[in-house]
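A short worksheet on the structure shown next.
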Amino acid sequence: MCVPQDSPIALVPRDMPLQLAAALPSAGTTAAQILSSTAVRSGLSLLVVGATGGVGSFLTQLAAGRGTAVVAAVRGDKKRRMGALGATATVDTTTGPEALEAAVRDLYPDGVDALVDLVSADTASFAVYTALVRDGGVAVTTRGVAAPPGIAWADFRLAPTAAVLEELASAVTRGELDVPIDMELPLEKAPQALAQNRAGGARGKTVFVI
């Protein structure tokens, strides 16, 4: 394999399965860098939309580990799984926006301190969630969506580093970070896996075994 000499490369720890190593870099680094940015600080409340996917699962764990109270917005009944990852509360968004708003207002009457939206692909959808952020809070999108007027927001862009990869890998080997793998498939199943991924509802990363 040939890569640019300045690429962020880290060695896989000897006792770390290669499937976990393959599923860690992009989603894990994205979650870690969102938390290390000035947008989302520890010790506050964080609403994660799309919390069951690869980035969301890592983000929930890393944020909870830093003392951030995480409200996980998910599709379906994932309360037990998200609770195991450290979420303070889990809300099924398929029941409608009213359920999420009620849950957030019950926990945080003035709104959450921060929002990370990993799902919304248009401003109208993003606005439903930014309405749950308190005055002075911040909303982060990974989908390049503009926020409605009056919202402080950040359009996150990944900038991977070897140091972050090494830190994440060490956390996995110490048992402090779980790598969420939804499926392990042979390479010939890639078209079906891509179609399923675009349909949404992932519970982690898909790993192709060669």
Side-chain angles (χ1 to χ4, degrees), residues 8 25-75 78 82 85-161 164 168 180 197-198 200-202 205:
S26 60
T29 300
T30 298
Q33 290 191 331
I34 287 175
L35 286 180
S36 65
S37 71
T38 57
V40 181
R41 299 184 184 278
S42 60
L44 303 175
S45 56
L46 170 65
L47 171 61
V48 180
V49 180
T52 57
V55 175
S57 296
F58 283 122
L59 185 59
T60 299
Q61 294 179 79
L62 293 172
R66 296 184 182 191
T68 301
V70 178
V71 178
V74 303
R75 292 179 60 83
K78 305 292 193 306
M82 297 313 301
L85 295 179
T88 300
T90 303
V91 185
D92 180 4
T93 60
T94 60
T95 60
E98 296 82 6
L100 179 59
E101 180 178 5
V104 169
R105 297 300 180 191
D106 184 54
L107 291 167
Y108 308 102
D110 296 326
V112 293
D113 296 302
L115 158 72
V116 176
D117 188 342
L118 307 166
V119 176
S120 298
D122 58 82
T123 300
S125 300
F126 191 31
V128 172
Y129 302 114
T130 59
L132 302 176
V133 179
R134 66 167 176 80
D135 290 343
V138 66
V140 178
T141 175
T142 57
R143 302 291 298 274
V145 181
I151 294 293
W153 68 287
D155 182 12
F156 177 79
R157 289 291 181 267
L158 177 63
T161 67
V164 173
L168 290 169
N197 179 264
R198 292 188 182 107
K205 302 295 290 184

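If you're wondering where the values come from, they're calculated on a predicted model, not measured in any experiment.
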Is any side-chain heavy atom of Ser45 less than 4.5 Å from a side-chain heavy atom of Leu107? no
Gln33 side chain reached by Thr161 side chain, heavy atoms, under 4.5 Å: yes
Do Tyr129 and Leu100 have side chains that get closer than 4.5 Å, going by heavy atoms? yes
Only residue of Asp117, Leu115, Thr141, Val138 satisfying side-chain contact (heavy atoms from CB on, under 4.5 Å) with Trp153 is Thr141
Considering only residues two or more places apart or on different chains, which pairs with a residue in residues 126-143 satisfy salt bridge (Lys or Arg N to Asp or Glu O under 4.0 Å)? Asp113-Arg134
Check: Leu132 and Leu47 side chains under 4.5 Å, non-hydrogen atoms: yes
Decide yes or no for Thr142 and Ile34: does some side-chain heavy atom of the first lie under 4.5 Å from some side-chain heavy atom of the second? yes
Can you sort out the partners of Thr123 under side-chain hydrogen bond (donor to acceptor under 3.5 Å, both in side chains), two or more places apart, ordered by chain and number? none
Can you run down the side-chain hydrogen bond (donor to acceptor under 3.5 Å, both in side chains) pairs that involve residues 99-112, sequence neighbours left out, and say none if there aren't any? none
Is it true that a side-chain atom of Ser125 and a backbone atom of Ala121 form a donor plus acceptor pair closer than 3.5 Å? no
The reported gap from CG in Leu85 to CD in Gln61 (rounded to nearest 0.5 angstrom) is 4.5 Å
Shortest non-hydrogen contact from Ser57 to Thr52? OG-O, 3.2 Å
